[in-house]
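Fair warning: this is a prediction, and the values are worked out from it, not measured in the lab.
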Amino acid sequence: MLIFNPDRSSDARFAAIAERLLPMGIPVVPLTSVPDLAALGLLPSDVESHLWWIAIDGHRSRDHLAVARALVAARQWWSPIAWLMTIPPVSWLTRVVDRLLAHR
């Protein structure tokens, strides 16, 4: 599940892309439509400022790792490359790029 804040333009843009890429059954949900964030181990403030990926096993990833995990779940030709984005030191570089893009 991808949870995003529709008021954050970068999150909303990625959510629109993810809705097209992710297989049916993997929800892309705006913050306002999540009935119980606490059940997912999140606070409203967590989702207001971060994009979240919640795996089936409950593992939570945010921001650049959420993007990478969503791209892996899309099961496209780039999924192995996206998987590399979750492993240090590549994930560290991805985090820096994510923060730079978020501040432009």
Side-chain angles (χ1 to χ4, degrees):
M1 168 189 310
L2 183 72
I3 302 173
F4 70 100
N5 180 349
D7 295 333
R8 292 185 54 179
S9 61
S10 60
D11 290 3
R13 280 192 306 266
F14 183 72
I17 293 167
E19 284 182 323
R20 291 191 306 271
L21 296 177
L22 290 171
M24 285 183 70
I26 299 180
V28 177
V29 185
L31 164 65
T32 54
S33 297
V34 179
D36 189 6
L37 285 173
L40 299 172
L42 297 172
L43 299 170
S45 60
D46 293 331
V47 183
E48 288 171 0
S49 56
H50 300 285
L51 180 70
W52 288 89
W53 176 261
I54 311 295
I56 292 174
D57 66 359
H59 183 266
R60 297 178 309 271
S61 302
R62 72 178 196 189
D63 297 331
H64 69 288
L65 291 176
V67 170
R69 295 197 193 287
L71 293 174
V72 169
R75 297 183 184 155
Q76 300 292 327
W77 64 268
W78 64 76
S79 293
I81 297 167
W83 178 77
L84 288 174
M85 293 168 49
T86 67
I87 301 170
V90 177
S91 68
W92 303 334
L93 178 61
T94 307
R95 181 179 183 192
V96 169
V97 171
D98 177 61
R99 288 192 177 184
L100 288 173
L101 291 174
H103 289 88
R104 57 174 196 126

pair W52-L37: side-chain heavy atoms closer than 4.5 Å: no

Separation between CE of M85 and CD1 of I81, rounded to the nearest 0.5 Å: 10.0 Å

L22 and V28: CA distance, side-chain angles, deciding distance, side chain to side chain contact (heavy atoms under 4.5 Å, CB included) verdict: CA-CA 9 Å; L22 290 171; V28 177; 3.8 Å; yes

Which atom of P35 lies closest to which atom of S33, heavy atoms considered: CD-O, 3.3 Å

Heavy-atom pair of closest approach, residues V72 and W83: CG2-N, 3.4 Å

For A73 against P23, the heavy-atom pair lying closest together: O-CD, 3.4 Å

Residue pair L40 / M1, side-chain heavy-atom distance below 4.5 Å: yes

V67 reachable from L84 in the ILVMFWY side-chain graph, under 4.5 Å edges: no

Side-chain (S79) to main-chain (L71) donor-acceptor, under 3.5 angstrom: yes

From CZ (R8) to CG (L31), nearest 0.5 Å: 11.0 Å

Inter-residue atom distance H64.NE2 - L51.CG, 0.5 Å rounding: 11.5 Å

Side chains of P30 and F4 in contact at under 4.5 Å (non-hydrogen atoms): yes

Path from I17 to V29 over hydrophobic side-chain contacts below 4.5 Å: no

Side chain proximity check, L2 to F14, heavy atoms < 4.5 angstrom: yes

Separation of S10 OG from D63 CG (nearest 0.5 Å): 8.5 Å

Minimum heavy-atom distance between T86 and R69, given as atom pair plus value: CG2-NH1, 3.8 Å

For I3 against I54, the heavy-atom pair lying closest together: CD1-CG1, 4.0 Å

Shared hydrophobic cluster, L42 / V34 (ILVMFWY, side-chain heavy atoms < 4.5 Å): yes

